[in-house]
Amino acid sequence: MHRQDSQDSPLFGEEDESFRVKRSNIRHPLTSFFHLFFRTCAILVYLLCEAFSGGFIVCMVTIILLLSCDFWTVKNVSGRLLVGLRWWNQVDEDGRSRWLFESRKSGGASKTSPAESRLFWLGLTVCPIFWVIFVFSTLLSLNIKWLAVVIMGLVLQWANLYGYVRCKVGGKSDLRNMAKSYLSGQIFKQAMKETEKT
């Protein structure tokens, strides 16, 4: 019987550790699932509702419930766990409304996973695009009874997107100024490339 060196083959249980490291890219699988579940179901119910059910009220209530569950889940659970961001509205004692945006400190004990972050931002940005398309298709097809539903979907999806973008770039910074500085930087880089060519 030939004895193998531990460098040639993994010891008992080491292959399990390497599997866990690869698998640990998504540390919150249930949160990741529900981050996409409610928003995807709302879109699918909207698309397939008239084919399977003739009742507008049932479809409308189902879509609005799914959108509400999605809004709550993304705002209160998946944003905190998947990317370490949160936002909320606070009314002061004098009646003024303040929007607060927070992000987890980068040196914190629980870092965010790149896979979870990509999943979060992909779901957060792609689904509102669908609702924009639905608004335009509803207006163009003159299917006015669905207009309130698609506007509700658009508002709830964009509210979460806006809140988390503000968290990501910093609650105090103005998004318009940030976009201007980015574009001016890109124009400057392009101009520098042109001058280097000549």
Side-chain angles (χ1 to χ4, degrees), residues 24-46 60-136 147-186:
S24 70
N25 287 339
I26 296 184
R27 295 184 313 187
H28 303 97
L30 194 61
T31 304
S32 300
F33 171 77
F34 281 108
H35 175 69
L36 297 175
F37 176 75
F38 290 120
R39 55 186 52 224
T40 305
C41 284
I43 290 171
L44 289 175
V45 168
Y46 176 76
M60 179 186 71
V61 169
T62 304
I63 292 169
I64 290 176
L65 283 174
L66 287 168
L67 288 170
S68 300
C69 290
D70 170 65
F71 181 82
W72 184 88
T73 302
V74 171
K75 183 180 174 304
N76 295 317
V77 180
S78 64
R80 291 178 187 198
L81 293 177
L82 300 181
V83 291
L85 302 171
R86 68 180 181 167
W87 63 274
W88 70 95
N89 182 4
Q90 180 177 341
V91 179
D92 291 338
E93 294 162 356
D94 57 350
R96 284 185 297 163
S97 178
R98 288 185 11 204
W99 290 92
L100 302 169
F101 305 92
E102 288 186 349
S103 61
R104 184 183 301 142
K105 305 287 185 253
S106 60
S110 60
K111 295 187 72 154
T112 59
S113 160
E116 287 179 337
S117 180
R118 280 191 301 272
L119 178 85
F120 177 82
W121 289 107
L122 183 70
L124 199 65
T125 55
V126 169
C127 291
I129 294 170
F130 279 106
W131 289 105
V132 168
I133 293 169
F134 295 157
V135 166
F136 285 119
L147 191 59
V149 176
V150 295
I151 287 175
M152 177 74 74
L154 182 65
V155 166
L156 289 173
Q157 299 282 311
W158 278 99
N160 262 334
L161 179 61
Y162 176 75
Y164 282 111
V165 168
R166 287 284 305 261
C167 289
K168 183 76 172 169
V169 300
K172 304 248 187 276
S173 65
D174 187 19
L175 292 177
R176 196 172 297 138
N177 290 337
M178 183 172 237
K180 284 180 186 177
S181 66
Y182 174 76
L183 288 175
S184 63
Q186 292 299 321

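Sequential numbering from 1 along the given sequence is applied to the chain's residues. Here the structure is a predicted model, which means the values were calculated and not measured.
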Please indicate whether Met152 has more than 12 foreign heavy atoms, meaning atoms of other residues, nucleotides or ligands, lying under 6.0 Å from its CE. no
Between Tyr46 and Thr62, does the side-chain contact (heavy atoms from CB on, under 4.5 Å) criterion hold? Intermediate values first, please. CA-CA 9 Å; Tyr46 176 76; Thr62 304; over 6 Å; no
Write down the atom of Ala42, the atom of Ile63, and the distance for their closest heavy-atom approach. O-CG1, 4.2 Å
Taking all atoms of both residues into account, what is the closest heavy-atom pair of Gly123 and Pro128, and its distance? O-CD, 4.3 Å
Below 30° counts as parallel, above 60° as perpendicular, anything between as tilted: where do the rings of Trp87 and Trp99 land? tilted
Identify the heavy atoms of Leu66 and Phe38 that sit nearest to each other, and give their distance. O-CB, 3.6 Å
Report, as yes or no, whether the 6.0 Å neighbourhood of atom CZ on Phe134 holds more than 12 heavy atoms from other residues, nucleotides or ligands. yes
Can you tell me how far OG1 of Thr125 sits from CD1 of Ile129, rounded to the nearest 0.5 angstrom? 6.0 Å
Can you check whether Phe120 and Tyr164 have ring centres sitting under 6.0 Å from each other? yes
Which value, rounded to the nearest 0.5 Å, describes the distance between Leu65 atom CG and Cys41 atom SG? 12.5 Å
Of all heavy-atom pairs linking Leu67 and Leu156, the shortest is CB-CD1, 3.8 Å
side-chain contact (heavy atoms from CB on, under 4.5 Å) with Leu119: which of Ser78, Pro114, Ser32? Ser32
Phe136 atom CZ, over 12 foreign heavy atoms within 6.0 Å: no
Looking at Arg98 and Asp92, would you say the former's side chain and the latter's main chain have a donor-acceptor pair under 3.5 Å? no
How far does CG of Leu85 sit from NZ of Lys75, to the nearest 0.5 angstrom? 12.5 Å
Minimum heavy-atom distance between Leu81 and Glu116, given as atom pair plus value: O-OE1, 4.3 Å
Could you state the interatomic distance from CD1 (Ile133) to CG (Leu154), rounded to the nearest 0.5 Å? 11.0 Å
Closest approach of Asp70 and Asn160, non-hydrogen atoms and distance? O-ND2, 4.3 Å
Distance from Arg166 atom CZ to Leu100 atom CG, nearest 0.5 Å? 10.5 Å
Quick one: pull up OG1 in Thr73 and CZ in Arg39 and give me the separation to the nearest 0.5 Å. 9.5 Å
Between Val77 and Phe34, does a side-chain contact (heavy atoms from CB on, under 4.5 Å) hold up when you go through it step by step? CA-CA 10 Å; Val77 180; Phe34 281 108; over 6 Å; no
